[in-house]
Q: 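Pasting a structure here, questions to come.
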Amino acid sequence: MRGIRKQACRWGLIHYSFQAKLKHMHDNALTGGTLDLENVPCAIVPAQFIRSWKHWLARPADALRPEMIDNSSFLCEHGMLLFDPNSPGDLNTSITMIKRSDWDVLEDL
């Protein structure tokens with residue numbers, strides 16, 4: 001029982017640390033609003049990664065921590081974007097914009 005409590009405490013600290021470092025992403029990603037991202041360097045990630053990440057934060061004992069962000073589906077065979085990130089019509093439910101600073105935190109995890 002003591003080991004379970006210790007592990008739960010560790011997960012609680014992990015949850016708090018990730019949520020604090022990535023507060024904007026946690027609170028705003030997947031909401032569809034990008035007004036607060038205007039004139040801010042951004043990165044684009046798969047919406048599924050954000051869903052998995054939030055699920056892991058909510059239930060770290062039950063969910064696997066997302067390991068990697070795979071943006072390859074956003075690129076053509078020449079390494080160019082398949083959509084225009086400045087065109088709202090090109091952004092769909094599979095794409096999420098986050099602050100570049102949040103991307104930098106994710107890269108360091």
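Sequential numbering from 1 along the given sequence is applied to the chain's residues.
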Q: Not counting sequence neighbours, which residues clear side-chain contact (heavy atoms from CB on, under 4.5 Å) with Ser94? List them please.
A: Asn92
Q: Mind checking what makes side-chain contact (heavy atoms from CB on, under 4.5 Å) contact with Glu107, not counting sequence neighbours?
A: Arg100, Trp103, Asp104
Q: Please round to the nearest 0.5 Å and tell me the distance separating atom CD1 of Ile95 and atom CD of Gln48.
A: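 Output value for this atom pair is 14.0 Å.
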Q: Got a sec: does the CG of Leu82 have more than 12 other heavy atoms crowding it under 6.0 Å?
A: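 Counting neighbours around CG of Leu82, more than 12 heavy atoms of other residues, nucleotides or ligands fall under 6.0 Å, so yes.
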Q: Suppose we screen for side-chain contact (heavy atoms from CB on, under 4.5 Å). Which residues come up paired with Leu81, at least two apart in sequence or across chains?
A: Phe74, Leu75, Phe83, Pro85
Q: May I ask you to test the Trp56-Asp62 pair for a side-chain heavy-atom distance under 4.5 Å?
A: no
Q: Among Ile50, Ile44, Val105, which residue satisfies the side chain to side chain contact (heavy atoms under 4.5 Å, CB included) criterion with Ile98?
A: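 Output: one option passes, namely Ile50.
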Q: Shortest non-hydrogen contact from Ser52 to Pro66?
A: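 Heavy atoms of Ser52 and Pro66 come nearest at C-CG, 3.7 Å.
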Q: Looking at side-chain heavy atoms only, is the closest gap between Pro46 and Ile69 below 4.5 Å?
A: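 Side-chain contact under 4.5 Å: yes.
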Q: Among residues at least two apart in sequence or on other chains, which ones pass salt bridge (Lys or Arg N to Asp or Glu O under 4.0 Å) with Asp70?
A: none
